[in-house]
Amino acid sequence: MPFLGQDWRSPGQSWVKTADGWTRFLDEKSGGFVGDISSFCKKDDHNKENLFNNLNYDVAAKKRKKDLLNNRAKIQYFHQEKWIYVHKGSTKERHGYCTLGEAFNRLDFSSAILDSRRFNYVVRLLELIAKSQLTSLSGIAQKNYMNILEKVVQKVLEDQQNIRLIRELLQTLYTSLCTLVQRVGKSVLVGNINMWVHRMESILHWQQQLNNIQITRPAFKGTTFTDLPLCLQLNIMQRLSDGRDLVSLGQVAPDLQVLSEDRLLWKKLCQYHFTDRQIRKRLILSDKGQLDWKKMYFKLIRCYPRKEQYGDTLQLCRHCHILSWKGTDHPCTANNPETCSTSLSPQDFINLFRF
């Protein structure tokens, strides 16, 4: 303002904006004036119109500035939101969502767990959400999460497969809920605290059911695994990607125990999951002066993440931003749809909604 640094409340001073700029003049009581009062009176109508135009200009300028800031914010916001669409079945229906909870609700994970190719993928996703993303889910998404988890447990109880995998998932979830309820605070969970206590009791009940599973040997009179030649047995064992499965297999029979200790078997397992640099940092020698690949493997998995392998994964089309399972075709408008699809690991799926 023109009176910056002065007391605008001082008597006798007024400021008027004219065509030549701001003019200060004194009223009649102060005994003087600054500027040409007669010329100001002659231009009174012009000044009023000029003042009105300037006022409109200031309002329009402020509005343009506000719109510009809003547009920049929207551009940044939508850029960070990463609007993704989900393709359902063979229809052309698309649902846009920008949060993990919305995506979790829209994707049909309940049907995915029935497919053996997608089962491990869904379980891994549930585990990652249980570790760090449970509070980011909405109330409906948290309820859906528990419903899917219950179906996963029931499937394992019926099939008697992937027991250890689900045990680890339930333990991870229970530990996270204990931390959220007791240490962090009850307010981070959506819903009544009694409801979450009931869910924690359900988790303990599921864990007890898994511990009580008695796996019965099927009545099969044909060729068994131990009847195969040693080279075939070793070839099959080399296809196991989890060292704990090798240890469990070695506990079945004494002959398999010998095969499960094969150095070449553990060496390939280490080279499959970890890089040469990671392996060089965790070298362990046996009493005979040789590399103990088995001990190195279990030391490496405590230091580095293992390589994930899934029969089927979610894929993202970079052209139309549609999420779908790998075996499901979506109505892509790109010239080469095959080159636009990117397979997503469970962690990549969660990272899509981090901003």
Side-chain angles (χ1 to χ4, degrees), residues 108-131 134 142-179 181 195-228 233 236-261 265 269 273 294 297-298 301-302 306 308-312 346:
D108 191 7
F109 289 112
S110 298
S111 301
I113 61 176
L114 301 178
D115 191 337
S116 59
R117 299 173 302 169
R118 303 172 182 174
F119 182 84
N120 290 349
Y121 187 95
V122 177
V123 171
R124 178 58 178 167
L125 180 61
L126 294 177
E127 184 180 4
L128 292 176
I129 293 176
K131 285 182 178 179
L134 194 60
Q142 291 177 358
K143 181 179 179 180
N144 189 25
Y145 179 94
M146 296 302 299
N147 292 335
I148 294 176
L149 180 61
E150 182 177 5
K151 293 180 180 179
V152 168
V153 174
Q154 294 301 324
K155 176 178 173 56
V156 173
L157 292 175
E158 294 175 1
D159 301 342
Q160 296 185 347
Q161 298 179 4
N162 301 304
I163 298 176
R164 184 181 64 241
L165 190 65
I166 306 306
R167 282 177 181 170
E168 295 175 353
L169 169 60
L170 293 178
Q171 184 60 38
T172 301
L173 178 59
Y174 187 81
T175 303
S176 299
L177 289 178
C178 289
T179 302
V181 172
M195 177 184 63
W196 283 103
V197 171
H198 174 71
R199 289 175 176 174
M200 294 175 68
E201 292 175 352
S202 299
I203 295 174
L204 293 177
H205 178 66
W206 293 336
Q207 288 178 326
Q208 187 64 34
Q209 286 182 310
L210 292 176
N211 294 331
N212 294 335
I213 289 181
Q214 297 293 334
I215 300 178
T216 58
R217 186 172 183 175
F220 183 71
K221 298 181 180 180
T223 303
T224 62
F225 182 75
T226 54
D227 296 332
L228 297 175
Q233 293 181 20
I236 294 174
M237 295 175 70
Q238 289 177 354
R239 301 179 185 274
L240 298 177
S241 60
D242 194 336
R244 294 171 298 178
D245 293 333
L246 288 176
V247 175
S248 299
L249 185 59
Q251 297 172 354
V252 175
D255 295 339
L256 295 178
Q257 172 66 26
V258 177
L259 287 180
S260 65
E261 298 294 333
L265 187 66
L269 194 61
H273 286 288
K294 182 178 179 180
Y297 170 80
F298 287 106
I301 62 175
R302 291 193 296 266
R306 292 178 301 175
E308 298 180 359
Q309 183 179 12
Y310 305 100
D312 194 5

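- Of all heavy-atom pairs spanning Gln171 and Thr175, the tightest one is O-OG1, 2.8 Å.
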Report task. List the steps, then state whether side-chain contact (heavy atoms from CB on, under 4.5 Å) holds for Lys151 with Phe109. Result -> CA-CA 10 Å; Lys151 293 180 180 179; Phe109 289 112; over 6 Å; no

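- At a cut-off of 3.5 Å, with distance as the only test, a side-chain donor of Thr224 or Asp227 sits close to an acceptor on the other residue.
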Report task. Quick one: do Leu165 and Val156 satisfy side-chain contact (heavy atoms from CB on, under 4.5 Å)? Show the steps, please. Result -> CA-CA 10 Å; Leu165 190 65; Val156 173; over 6 Å; no

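- Remark: the backbone N or O of Leu114 is not paired with any side-chain donor or acceptor of Arg118 at under 3.5 angstrom.
- Contact of the Cys178 side chain with the Met200 side chain is registered, since non-hydrogen atoms from C-beta on lie closer than 4.5 Å.
- Side-chain atoms of Glu261 and Gln257 form a donor-acceptor pair, as typed in the model, at a separation below 3.5 Å.
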Requested in this report: Would you sort out whether Val252 and Thr226 count as a side-chain contact (heavy atoms from CB on, under 4.5 Å), showing the intermediate values?
Outcome: CA-CA 10 Å; Val252 175; Thr226 54; 5.7 Å; no

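- Between Asp242 and the options His273, Arg164, Gln309, a side chain to side chain contact (heavy atoms under 4.5 Å, CB included) holds for only Arg164.
- Taking the side chain as every heavy atom from C-beta outward, Lys143 and Arg199 approach each other to under 4.5 Å.
- Between the Tyr145 side chain and the Leu126 main chain, a donor and an acceptor come within less than 3.5 Å of each other.
- Contact of the Asn120 side chain with the Glu308 side chain is not registered, since no non-hydrogen atoms from C-beta on lie closer than 4.5 Å.
- The minimum heavy-atom distance between Gln233 and Leu256, with the atom names listed, is OE1-CD2, 3.5 Å.
- More than 12 heavy-atom neighbours from other residues, nucleotides or ligands sit within 6.0 angstrom of NZ on Lys155.
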Requested in this report: Check the pair Tyr121 / Asp312 against side-chain contact (heavy atoms from CB on, under 4.5 Å), numbers first and verdict last.
Outcome: CA-CA 7 Å; Tyr121 187 95; Asp312 194 5; over 6 Å; no

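- Side-chain contact check for Leu249 versus Leu259: every heavy-atom pair is 4.5 Å or farther apart.
- Using a 4.5 Å heavy-atom cutoff, the side chains of His205 and Val153 are not in contact.
- Atom NE2 in His198 sits 10.5 Å away from atom CD1 in Ile203 (nearest 0.5 Å).
- Rounding to the nearest 0.5 Å places CG of Leu170 at 7.0 Å from CD1 of Ile166.
- With contacts defined as side-chain heavy-atom distances shorter than 4.5 Å, the pair Asn162/Val152 does not qualify.
- Distance check, rounded to the nearest 0.5 Å: OH of Tyr297 to CG of Leu269 gives 5.0 Å.
- Closest approach of Thr172 to Ala130, counting heavy atoms only: CG2-CB, 4.4 Å.
- The nearest pair of heavy atoms linking Ile163 to Leu210 is CG2-O, 4.3 Å.
- Here the CG atom belonging to Asp159 is positioned 10.0 Å from the CD1 atom belonging to Ile213, to the nearest 0.5 angstrom.
- In plain terms, the two heavy atoms of Ala112 and Val122 that are nearest each other are CB-CG2, 3.8 Å.
- Distance NZ/Lys131 to OG1/Thr179: 13.0 Å, rounded to 0.5 Å.
- Taking a cutoff of 4.0 Å between a charged side-chain nitrogen and a carboxylate oxygen, Glu127 and Arg124 qualify as a salt bridge.
- For the atom pair CD1 of Ile236 and CZ of Arg239, the computed distance is 8.0 Å after rounding to the nearest 0.5 Å.
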